[in-house]
Amino acid sequence: MAKYSELWDVICDGPFVPTKNLGELGVVIPKTRMEFNDADRKSIEKNFRAKKILVCGICPDEYNRISTCQSAKQIWEPLQIAHEGTIQVKQSKIDMLTIEYELFRLKDDESIQDIHTLFT
């Protein structure tokens, strides 16, 4: 279970980038591939696993949308917007559903069972 939590962290926060300190100046720069240790490789591998999971779960049309993305986070963001919408779209959906709920009434030709079925 912790493994999946780590993959979700990679999707939400972005991939791990191994870094090193340059002398006493406190400057941090990315490591080269030759400088990676086993822990760095394992952390980097989580991004590839998360990407694989996301790519395997989408249809070909959506793949075209994310095919150039390099990280799991870059893949997740357009998929999230496409399926959930932006904050404005979400608020608009909530407003429309609220109005629809407020206007929900029993019509003359409907039975209690019909309205219950519609409501649920």
Side-chain angles (χ1 to χ4, degrees):
M1 193 66 158
K3 176 174 71 171
Y4 298 115
S5 174
E6 292 171 357
L7 293 178
W8 184 245
D9 290 342
V10 170
I11 291 170
C12 292
D13 302 333
F16 172 77
V17 178
T19 58
K20 64 180 179 180
N21 291 328
L22 270 185
E24 297 176 13
L25 299 175
V27 177
V28 178
I29 61 168
K31 291 181 181 178
T32 63
R33 294 178 75 98
M34 298 300 290
E35 296 173 316
F36 290 172
N37 58 29
D38 289 339
D40 293 338
R41 284 187 176 84
K42 285 183 181 181
S43 295
I44 291 170
E45 188 177 302
K46 290 175 188 169
N47 183 56
F48 293 111
R49 286 184 187 165
K51 281 177 56 176
K52 181 179 177 181
I53 290 170
L54 290 172
V55 170
C56 287
I58 60 174
C59 67
D61 293 335
E62 289 178 329
Y63 181 79
N64 293 333
R65 184 178 299 142
I66 56 97
S67 62
T68 59
C69 298
Q70 297 297 315
S71 70
K73 182 176 180 162
Q74 289 175 333
I75 292 172
W76 179 250
E77 290 171 347
L79 292 176
Q80 185 178 24
I81 289 172
H83 291 276
E84 293 182 5
T86 62
I87 293 171
Q88 292 86 2
V89 171
K90 289 179 191 179
Q91 188 60 47
S92 176
K93 287 179 184 178
I94 290 170
D95 292 343
M96 287 188 325
L97 289 171
T98 302
I99 291 169
E100 188 177 333
Y101 172 75
E102 289 171 350
L103 297 175
F104 190 76
R105 301 272 191 276
L106 177 65
K107 296 177 185 165
D108 292 336
D109 59 337
E110 292 178 322
S111 69
I112 299 288
Q113 184 64 35
D114 292 338
I115 201 75
H116 180 267
T117 303
L118 277 174
F119 188 75
T120 56

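Starting from 1, each residue takes its place in the sequence as its number.
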Which salt bridge (Lys or Arg N to Asp or Glu O under 4.0 Å) pairs, counting each pair once, include a residue from [range], with sequence neighbours left out?
| range | result |
| --- | --- |
| residues 51-62 | none |
| residues 36-47 | E6-K46, K31-D40, E45-R49 |
| residues 102-114 | none |

### Task
Considering non-hydrogen atoms only, spot the tightest contact between F16 and I44 and give its length.
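Looks like O-CG1, 4.0 Å.
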### Message
How close do I75 and P78 get, counting heavy atoms only, and between which atoms?
### Response
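Result for this residue pair: O-CD, 3.3 Å.
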Same cluster (ILVMFWY, side-chain, under 4.5 Å), [X] and [Y]:
| X | Y | answer |
| --- | --- | --- |
| L79 | W8 | yes |
| W76 | Y63 | yes |
| V10 | Y4 | no |

### Message
Between L54 and I58, does the side-chain contact (heavy atoms from CB on, under 4.5 Å) criterion hold? Intermediate values first, please.
### Response
CA-CA 7 Å; L54 290 172; I58 60 174; 5.8 Å; no
Supply the atom-to-atom distance [X] [atom1] to [Y] [atom2], rounded to the nearest 0.5 angstrom.
| X | Y | atom1 | atom2 | result |
| --- | --- | --- | --- | --- |
| S71 | D13 | OG | CG | 11.0 Å |
| R33 | E35 | CZ | CD | 12.5 Å |
| T117 | Q113 | OG1 | CD | 4.5 Å |

### Message
Whether the side chain of T98 engages the backbone of I94 through a donor-acceptor N/O pair (distance < 3.5 Å, no angle test) should be reported.
### Response
yes
### Query
Would you find a donor on one side and an acceptor on the other, under 3.5 Å apart, between the side chain of N47 and the backbone of A72?
yes
### Message
Any heavy-atom pair between the side chains of E77 and K73 that's under 4.5 Å?
### Response
yes
### Message
Counting C-beta onward and ignoring hydrogens, is there a side-chain heavy-atom pair between I99 and M96 closer than 4.5 Å?
### Response
no
### Query
Taking atom CD1 of I112 as the centre, does the number of heavy atoms from other residues, nucleotides or ligands within less than 6.0 Å exceed 12?
no
#### Entry: Over 12 non-hydrogen atoms of neighbours within 6.0 angstrom of CZ in F36
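Result for CZ/F36: enclosed.
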